[in-house]
Every structure is written in C-alpha cells, then in structure tokens.
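What follows is a short report on a single structure.
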Number of protein chains: 2
Amino acid sequence: MKKEKTENTENKILDAAKNIFEVKGMNGARMQEIADAAGINKAMLHYYYRSKQLLFEAVFKNAFSLLAPQLNAILNNDDSIEEKIRSFTHNYISFIAKHPYIPNFVIQELNRNPKFIEKIQQADAFPSLDKFNAQVEKEVEDGILKPIDGKQLFVHIVSLNIFPFVAKPLIKGFLKLDDKDFQELLEQRKIDVAEFIINSIKK
Amino acid sequence: MKKEKTENTENKILDAAKNIFEVKGMNGARMQEIADAAGINKAMLHYYYRSKQLLFEAVFKNAFSLLAPQLNAILNNDDSIEEKIRSFTHNYISFIAKHPYIPNFVIQELNRNPKFIEKIQQADAFPSLDKFNAQVEKEVEDGILKPIDGKQLFVHIVSLNIFPFVAKPLIKGFLKLDDKDFQELLEQRKIDVAEFIINSIKK
DNA sequence: TAACGGTTTAACCAAACGGTTAACAAAGGT
DNA sequence: ACCTTTGTTAACCGTTTGGTTAAACCGTTA
C-alpha cells in the first residue's frame with residue numbers, strides 16, 4: 001500500500017542519514033552516499049526533505065531529542081543530589097554506549113553553528129537547571145553538601161560523563177589502550193565517576 | 001631577498017590555514033578561502049604544500065605540538081600530585097583561553113581519522129603516563145591520597161579541564177549564559193576544578 | 001646583459017557536488 | 001475505464017571543488 005511504502009522510504013532515508021551524518025558530520029556527508037546507504041535514488045532525498053540542510057536538521061533534532069530526556073531525568077526528579085549523581089552517571093554511560101556517535105555529533109555541529117541551540121531551546125523538552133540549582137543550594141544549607149555552586153557542579157558532572165566519549169581517540173592514545181581496554185575503562189567509570197563526585201561534595 | 005620572501009609566504013599560508021582549519025575543520029575548509037586569507041594565489045598553496053591533505057597535516061601537527069607540552073608538564077615534573085593538579089588546572093585553562101579553537105579542532109579531527117594519533121604517537125614529545133601512574137600509586141600507599149587508579153584520575157582531570165571548551169555552545173545553552181557569563185564561569189573554574197578534584201582524592 | 005633559478009600569477013581542467021527535470025509506475029477514487 | 005495523486009527513476013544541470021599548467025616575474029650571477 002501507498003502509506004506503508006511512504007513511511008518505509010522516509011524512515012529508510014532518516015535512518016541512513018543518521019548513520020552517515022553522525023559519523024561524518026554535515027560537511028563530510030554526501031547526499032549520494034546517504035541515498036546509497038538507504039538503497040534509493042538520490043532524487044528521493046529531495047522529494048522527502050527538499051535539501052541537505054533540512055535533512056540534516058531532521059537528523060540533528062532527532063539526536064538531540066534522545067539526549068535531552070537523559071538530562072531532564074537528573075534535573076527534575078525528586079531524588080537527592082547524591083542519588084541523582086549516581087543514577088545519572090550509571091544511566092548516561094550505558095545510554096551512550098548504545099549511541100556512541102551522538103555526543104560527538106551534537107557537540108561538533110553545535111560548534112559549527114552555535115545558533116542551532118537557540119532553535120532547540122524553544123522546543124518543549126529543553127532541560128532547565130532551575131530546580132537542580134535550588135536543590136543544591138538547599139542541601140548546602142542543610143549541611144548535606146559542602147558549599148558548591150550548582151552550575152559548576154552541573155558542569156563537573158557532564159564533563160566527567162561525556163568527555164571520555166568525545167575524546168575517545170585522544171584518551172586511547174594517551175593511555176595506550178586498545179578498544180577492549182577502553183571499554184573496560186568506561187565500564188569502571190560507571191562506578192568511579194559517581195564516587196569521585198560524591199566524595200568531593202558530601203560533608 | 002629570496003629567502004625572506006619564501007619564509008614569509010610559507011608562514012602566511014600556514015597562519016591563514018591554521019585560522020581556517022581550526023574553525024571549519026578539514027571538510028569545511030576551502031583552499032580558495034585559505035588563499036584569500038593569506039592574500040596570495042591559490043596555486044601557491046600547492047606549490048608549498050602539494051595538497052590540501054598535506055597542508056592540513058602541517059596545521060594539525062602544529063596544533064597538537066602546542067597541546068602536548070601542557071600535558072607533559074603535569075606528567076613529568078617532580079611536584080606532588082596535589083601541586084600538579086593545581087598548576088595544571090590553572091595553567092591549562094589560561095592556555096586554552098589564548099587558543100580557544102585548539103581542543104575542539106584536535107578532538108574533532110581525531111574522531112574523523114583516529115589513525116592520526118598513531119602517526120603522532122611516534123613523535124618525540126608524545127606524553128607518557130608512566131611516571132604519573134607510579135606517583136599516584138606511591139601517594140596512595142603513603143596514605144596521602146585515597147585509593148584511586150591513576151588512569152581514571154587522569155581522565156577525570158582532563159575531562160574537567162577540557163570539556164567546557166569543547167562543549168561551549170551546549171553549556172551556554174543549558175546554563176543560559178551569554179559570552180561574558182561563560183567567561184566568568186571559566187575564570188571561576190581555574191580555582192574550583194582543582195579544589196573539586198583534591199577534595200575528592202585527598203585523605 | 002643574458003641566462004638561470006626560484007617564485008608568482010591567471011587561466012584552465014576534470015571530477016564531484018547539491019539539486020532539478022521530465023517521464024513513468026503504482027494506487028485510489030469516481 | 002479514466003483521471004488524479006503519490007512515489008520513483010535516470011538523465012541532466014550549473015556550480016564549486018582540489019588541483020594543474022604554461023607563461024611571466026624578478027633577484028642573482030656569470
């Protein structure tokens with residue numbers, strides 16, 4: 001039937017485009033390459049998405065919308081800061097292991113065109129730090145945490161969790177690790193990173 | 001005189017290429033753009049560097065050779081771990097503020113072509129972690145530090161220091177900061193990051 | 001001053017690129 | 001049966017790309 005065909009082709013395109021764009025970026029990706037990966041004619045890309053730019057934006061928004069809920073989870077639930085750090089660290093590293101190209105893709109493309117973040121900021125699920133900041137402030141007052149700024153703590157958390165994925169070749173090089181060693185390092189970090197953070201901030 | 005002219009042109013090319021490549025990457029940069037920025041004819045690029053690839057590699061090695069000594073400083077001097085963390089954090093953030101495009105450039109291009117790191121590993125000044133690891137082990141034994149793996153500590157340190165530069169647009173977006181706010185956040189991190197790490201690992 | 005070498009330029013080239021077109025096929029409605 | 005809409009293809013198009021070429025430029029030297 002028509003409808004099924006349509007959805008199939010559209011999804012095949014988006015899926016192929018995702019794989020190519022996430023690895024090669026906007027500048028490195030070729031429309032012909034995406035068409036080949038999707039097993040269709042190049043003209044179909046334009047039929048469904050009009051231009052490379054629009055196809056790319058569709059892929060980018062998809063990738064970003066996978067990332068955002070992970071952050072929202074830590075920012076807006078009712079756990080204590082300590083629990084949030086533990087669960088986020090564990091979940092995030094597991095999540096990225098399933099989507100290894102997303103962090104680098106998002107960061108690379110946001111650096112290429114920083115205005116993208118403004119477009120996305122207006123979207124529904126864009127994470128807000130307000131609750132997290134207030135919660136840190138309260139736990140500091142209550143004597144649960146040592147004095148610390150919520151924003152800096154947030155940057156600490158995302159840095160420790162995301163950077164190893166973004167800088168994988170660099171870290172593999174410095175530490176002289178093969179792929180297996182690196183995987184084990186990440187596995188160990190699911191525990192170590194949370195301990196490391198909590199160790200530092202808890203009274 | 002001939003020699004001076006040569007050096008001038010060669011340097012003008014390398015300088016222009018650096019500015020363009022570091023911002024746009026290998027795929028985003030255009031030879032014509034580099035020639036324009038250098039104020040010379042496009043053919044000169046090929047006269048001096050033969051191909052885009054070779055010009056790019058010259059730029060990349062230059063950038064990497066600025067980064068490496070920063071790491072060697074922390075890894076191979078005779079300070080205590082605590083002193084190393086303090087000086088590295090302070091110096092590194094200052095250093096990158098002067099060369100803001102380098103971390104992202106190096107990481108982006110290493111992800112595009114992970115084999116680059118192998119070429120560079122054979123170079124003279126490539127940092128080695130051996131001394132740092134041994135030192136961490138010793139300070140743990142001596143009861144100065146809580147038990148921690150040197151490799152993980154190293155990843156913690158570089159993550160906390162480098163990631164904010166790489167993910168600048170992302171962090172600006174999440175924290176709703178303008179450029180001035182972000183600059184202040186980085187300035188504050190020169191102190192906060194070292195405190196944060198030491199807080200966690202010192203007995 | 002004429003010949004030489006390294007340097008620089010304008011013009012050119014083939015390939016690759018994103019995008020368009022026109023014709024055709026398949027499906028649905030009437 | 002016929003027309004309309006939607007989906008698909010091959011061939012094509014203009015532009016941009018990295019790279020080349022042949023000739024000119026210019027200080028040096030014999």
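Below, each value reflects all heavy atoms present in this structure, side chains not excepted, and no hydrogens, waters or symmetry copies. Below, chain A is the first sequence line, B the second, and so on; all start at residue 1.
Between the side chain of Gln135(B) and the backbone N or O of Asp79(B), at least one donor-acceptor pair lies under 3.5 Å. With hydrogens and angles disregarded, a donor-acceptor distance shorter than 3.5 Å links the side chain of Arg189(A) to the backbone of Leu160(A). A donor-acceptor pair under 3.5 Å is absent between the side-chain atoms of Thr89(A) and the main chain of Arg86(A), judged by distance alone.
Here the side chain of Met44(A) is nearest to one of dT7(C), dG7(D), dA10(C), namely dG7(D). In the set dT8(C), dG19(C), dT8(D), dG19(C) carries the atom at the smallest distance from any side-chain atom of Ser51(A). Minimum atom distance to the side chain of Lys52(B) is reached by dG19(D), of the listed dT9(C), dT8(D), dG19(D). Taking every side-chain heavy atom of Ala43(B) into account, dT9(C) is the closest of dG18(C), dG18(D), dT9(C). Candidate nucleotides dG18(C), dG19(D), dT20(D) were compared by shortest atom distance to the side chain of Met31(A), and dG18(C) ranks first. Taking only side-chain atoms of Lys42(B), from C-beta outward, the nucleotide of dG18(C), dG19(D), dT8(C) with the closest atom is dG19(D). Proximity note for Asn41(A) (side chain, C-beta onward) versus dT8(D), dT9(D), dT8(C): the nearest is dT9(D).
dG18(D) atom C1' lies 11 Å from atom CZ of Phe21(B), rounded to whole Å. When rounded to the nearest whole Å, the span between CG of Asp36(B) and P of dT8(C) equals 16 Å. At whole-Å resolution of the value, OH in Tyr49(B) and C1' in dG19(D) are 17 Å apart. Atom CG in Asn8(A) sits about 14 Å away from atom C1' in dT8(D), given to the nearest Å. If you take CG of Asn11(B) and C1' of dT7(C), they are 16 Å apart, rounded to a whole angstrom. Rounded to a whole Å, the CG atom of Asn27(B) is 13 Å from the C1' atom of dT17(D). Between His46(A) atom NE2 and dT20(C) atom C1' there is a gap of 9 Å when expressed in whole angstrom units. Rounding to whole angstrom units, CD1 of residue Ile40(B) and C1' of dC25(D) are separated by 16 Å.
Ala29(B) comes within 4.0 angstrom of sugar-phosphate atoms only, judged by non-hydrogen atoms across all strands, and of no base.
Between Arg30(A) and dG18(C) there is a side-chain N or O to OP1 or OP2 distance below 4.0 Å. Using a 4.0 Å cut-off, no side-chain N or O of Tyr47(B) falls inside it from OP1 or OP2 of dG19(D). Residue Thr9(A) has no polar side-chain atom (N or O) positioned under 4.0 Å from OP1 or OP2 of dG7(D).
The distance between the ring centers of Phe21(B) and Phe105(B) does not fall below 6.0 angstrom.
Residues Asn199(A) and Lys146(B) bring a donor and an acceptor atom of their side chains to less than 3.5 Å of each other.
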